[in-house]
Amino acid sequence: MHPPTSPADRLAAVGNQMIEIHLWLSAELARLTADLGTPSRDLRAHCLAFCTALGRHHTGEDNGAFRLLAEEVPELRPVIANLITDHEVVAGILERVEALLAGGDAVPVEQVRGELAGLAALLESHFRYEEKRLVTALNALTGQAGTAEELLGLTAPPG
């Protein structure tokens, strides 16, 4: 039996932490979209912080959790390949949003809103697919490699 804070226990819940991160990212995207009606430097900073967090999460998954799962559960490789393709599409949207925000004082709010709407739709589908296909396998991993942050790119936000 491991103490409650052992690395094996923390890793055993990595699938659950992934769900928590997805919920947080979805809530942040909804908040960001709601804030679009009031363009400001705060909006730009919030948007860039969100883009950075989402990018870190996907890079962490690609280089951490997905790599480990591909080694440990080879039958998940086609699922992982699909998810990595989604990550590439998301990265393209994030690049477009960042470019729109870098255009000086006049933020093209409607263009940003359109990109974020597309991102929200893609992420909703992506997150549910990822959770349905990977949570059980992630929760079955025990102490094999690093922390949840290393495997997912972010730590689960506090409840």
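Any value given below was found using the heavy atoms of this structure, including those in side chains, with hydrogens, waters and symmetry copies removed.
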Nearest-0.5 Å distance, [atom1] of residue [X] to [atom2] of residue [Y]:
X    : Y    : atom1 : atom2 : result
L138 : R133 : CG    : CZ    : 13.0 Å
L119 : E124 : CG    : CD    : 11.5 Å
D62  : I84  : CG    : CD1   : 4.5 Å
F50  : D35  : CZ    : CG    : 12.5 Å
R113 : L100 : CZ    : CG    : 13.0 Å
R44  : L48  : CZ    : CG    : 8.0 Å

So [Y] and [X], do their side chains get closer than 4.5 Å, heavy atoms only?
X    : Y    : answer
K132 : R128 : no
F127 : L23  : no
L123 : S26  : no
L36  : V112 : yes

Which atom names give the shortest non-hydrogen contact between [X] and [Y], and what distance separates them?
X    : Y    : answer
L154 : A53  : CD1-O, 3.6 Å
A70  : I80  : N-CD1, 3.7 Å
P74  : P78  : O-CD, 4.3 Å
L83  : L134 : CD1-CD1, 3.5 Å
L151 : G64  : CD2-C, 3.6 Å
G55  : L94  : N-CD1, 4.2 Å

For residues 74-96, the salt bridge (charged side-chain N to carboxylate O under 4.0 Å, His left out) pairs (sequence neighbours left out) are R96-E115
Notebook entry, point to check: H46 and R31: side-chain donor and acceptor closer than 3.5 Å?
Noted result: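 Yes, side-chain donor-acceptor contact under 3.5 Å.
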According to the ring-ring contact (aromatic ring centres under 6.0 Å, His included) rule, which pairs have a member within residues 65-95, sequence neighbours left out?
->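 Listed by first then second residue: H58-H87, F66-H87, H87-H126.
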task = Verify, without hydrogens or angle tests, whether T85 (side chain) and A81 (backbone) share a donor-acceptor contact under 3.5 angstrom.
result =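 Judged by distance alone, yes, a pair lies under 3.5 Å.
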